[in-house]
Amino acid sequence: MDKITNGSRIEINETGTSLYYQPGLLFGGTLDHDCSVQRSIGYYLESLICLAPFMKHPLRITLRGVTNDQIDPSVDTLKATAIPLLKKFGIDGEYFELKIVKRGMPPGGGGEIFFSCPVRKVLRPVQMTDPGKIKRIRGVAYSVRVSPQIGNRIVESARSILNNFLPDIYIYTDHLKGANSGKSPGFGLSLVAETTEGYVISAELASNPQGQGAAILPEDLGKNCAKLLLEEIYRGGCVDSINQSLTLLLMTLGQQDVSKVLLGPLSPYTIEFLRHLRSFFQIMFKIESKTFEERKGADKVLMTCVGVGFSNLSKTIK
């Protein structure tokens, strides 16, 4: 937070129990940061993605640390889901990218990613009410510092489940060697289902960190990840459960116009996030439950709000 802003004050008291934070202006620019290996880079990226469109200068940041772990959304999943989501809100441009340079698995880390995002004055309102049907599934099976064969074993087992539902499945294997493979061995799978209306739903799994927990078979990991994806598809909606809160934030910060989004059952994190939106922006969402006759699946929720008309303070009106 200190690096991307200008004029922030961060004070921690002597006992280390409370934090006083006075926000500054979002400055942006070209930066790099070494993330803690306790959490993955996804933890840092989630907050950066929320703030990046409102910087003074376009953000170009290199983050180093753990790219894939079992706690936070991995960089692969954010690349496949959060980036297309931001494009729907009008955040797009030639320098909008998220690139994985090196992978790093816990506990050693050693991964590196590059994220760049253009700045926008205002966000456009969205109407995401019809999710459409699933038309294809894409994915990445990655493996570092283990046998390259493991990637193929993950792909085969994931396909054994998903092929019962859909023919158009393509899962890339990404095996990195040498300096690009980080400091610890590991493997995992990130799956993304795309709908006919252009929405994406994702699921992912990573192997246990070296020296922690039992070793997991690549076949089991592939099957479990496929089942997780089916679970997300069952929950449905236009946005998967990882990105629900990001969508609601961008809707809140939109112009003073109505935005609608259809979500699956709200995750506990999203429910807490809605309370924060109410206390910071005094925004209340209209929540209606929707059921569809022809499509089975979990009950859907239609969230409607009027944006607060937030605009980027640093972009002067020409």
Side-chain angles (χ1 to χ4, degrees), residues 40 42 66-85 100 103 105-106 131-144 146-176 185-209 213-244 263-265 267 269 292 295-300:
S40 93
V66 174
T67 53
N68 306 78
D69 73 353
Q70 294 175 318
I71 315 167
D72 302 299
S74 69
V75 183
D76 300 273
T77 302
L78 288 173
K79 180 178 179 173
T81 57
I83 301 286
L85 185 65
I100 302 168
R103 279 189 193 281
M105 298 292 286
K133 294 191 164 78
I134 305 293
K135 64 173 177 180
R136 62 168 171 231
I137 292 175
R138 295 286 178 267
V140 178
Y142 55 86
S143 53
V144 292
V146 289
S147 156
Q149 199 52 45
I150 283 187
N152 302 343
R153 285 163 63 186
I154 297 173
V155 171
E156 213 160 286
S157 60
R159 290 186 70 113
S160 71
I161 289 185
L162 297 172
N163 268 352
N164 300 332
F165 303 99
L166 201 70
D168 186 1
I169 298 171
Y170 201 92
I171 304 173
Y172 299 90
T173 53
D174 183 16
H175 180 74
L176 291 171
F187 52 88
L189 174 63
S190 164
L191 290 174
V192 177
E194 294 178 32
T195 72
T196 48
E197 299 293 320
Y199 299 114
V200 284
I201 287 173
S202 69
E204 58 171 338
L205 266 184
S207 60
N208 289 330
I216 183 170
L217 277 174
E219 284 79 8
D220 296 346
L221 184 125
K223 283 191 174 141
N224 292 341
C225 191
K227 286 173 185 166
L228 277 176
L229 183 70
L230 296 175
E231 163 78 18
E232 278 287 351
I233 291 170
Y234 173 80
R235 293 170 68 100
C238 296
V239 184
D240 57 5
S241 46
I242 290 178
N243 290 301
Q244 283 177 352
L263 301 175
S267 67
Y269 180 86
F292 292 98
R295 282 181 224 146
K296 307 249 186 315
D299 291 341
K300 308 287 185 280

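Because the structure is predicted, anything quoted here is derived from the model rather than measured.
- Minimum interatomic distance between A158 and A226 (heavy atoms only, all atoms of both residues): O-CB, 3.9 Å.
- L263 has its side chain within reach of V239: a pair of non-hydrogen atoms, C-beta onward, lies under 4.5 Å apart.
- Atom CD1 of I233 and atom CD1 of I137 lie 5.0 Å apart (nearest 0.5 Å).
- One N or O on the side chain of T196 and one on the backbone of K133 form a donor-acceptor pair closer than 3.5 Å.
- To the nearest 0.5 angstrom, L229 atom CG is 7.5 Å from I134 atom CD1.
- In this structure, S157 and P218 approach most closely via the heavy-atom pair OG-O, 3.9 Å.
- Of all non-hydrogen atoms in C238 and Y199, the two that sit nearest each other are O-CB, 3.5 Å.
- Side chain to side chain, E232 and S241 meet the donor-acceptor criterion of an N or O pair below 3.5 Å.
- The structure places CG of L189 at 5.5 Å from CD1 of I171, a figure rounded to the nearest 0.5 Å.
- Just one residue in the list V66, I71, V75, T67 forms a side chain to side chain contact (heavy atoms under 4.5 Å, CB included) with S40, and that residue is V66.
- Listed for the K300 side chain is a donor-acceptor partner under 3.5 Å among the backbone atoms of A298.
- Remark: side-chain polar atoms of T195 are paired, donor with acceptor, to backbone N or O of P131 under 3.5 angstrom.
- Summarising the geometry of S160 relative to K223, their closest heavy-atom pair is OG-CE, 3.9 Å, with the distance given to 0.1 Å.
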Is there a side-chain contact (heavy atoms from CB on, under 4.5 Å) between Y269 and I242 once you walk through the steps? CA-CA 9 Å; Y269 180 86; I242 290 178; over 6 Å; no

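- A 4.5 Å side-chain heavy-atom check between I161 and L230 finds at least one atom pair inside the cut-off.
- Rounding to the nearest 0.5 angstrom, the gap separating the CG atom in N243 from the CG atom in L78 is 7.0 Å.
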For salt bridge (Lys or Arg N to Asp or Glu O under 4.0 Å), just list the numbers for D168 and R138, CA-CA rounded to whole Å, side-chain angles, deciding distance to a tenth of an Å, and then say yes or no. CA-CA 8 Å; D168 186 1; R138 295 286 178 267; 3.2 Å; yes

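- Residue pairs meeting the side chain to side chain donor-acceptor pair (under 3.5 Å) criterion with at least one partner in residues 69-79, sequence neighbours excluded, are R39-D72, N68-D76, Q70-N208, S74-T77, S74-E204, D76-R103, T77-S190, T77-E204.
- To the nearest 0.5 Å, atoms CD1 (I154) and CD (Q149) are separated by 11.0 Å.
- Closest approach of F187 and L221 over heavy atoms only: CE1-CD1, 4.2 Å.
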Before you tell me yes or no, could you show the steps for R235 and I201 under side-chain contact (heavy atoms from CB on, under 4.5 Å), namely the whole-Å CA-CA distance, both residues' side-chain angles and the distance that decides it to 0.1 Å? CA-CA 10 Å; R235 293 170 68 100; I201 287 173; over 6 Å; no

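- Nearest heavy atom pair, residue A80 against residue P84, reads O-CG, 3.2 Å.
- Side chain of S143 to backbone of H175: no donor-acceptor contact under 3.5 angstrom is found.
- One distance of note links CG of N163 with CD of E156; it measures 10.5 Å at 0.5 Å rounding.
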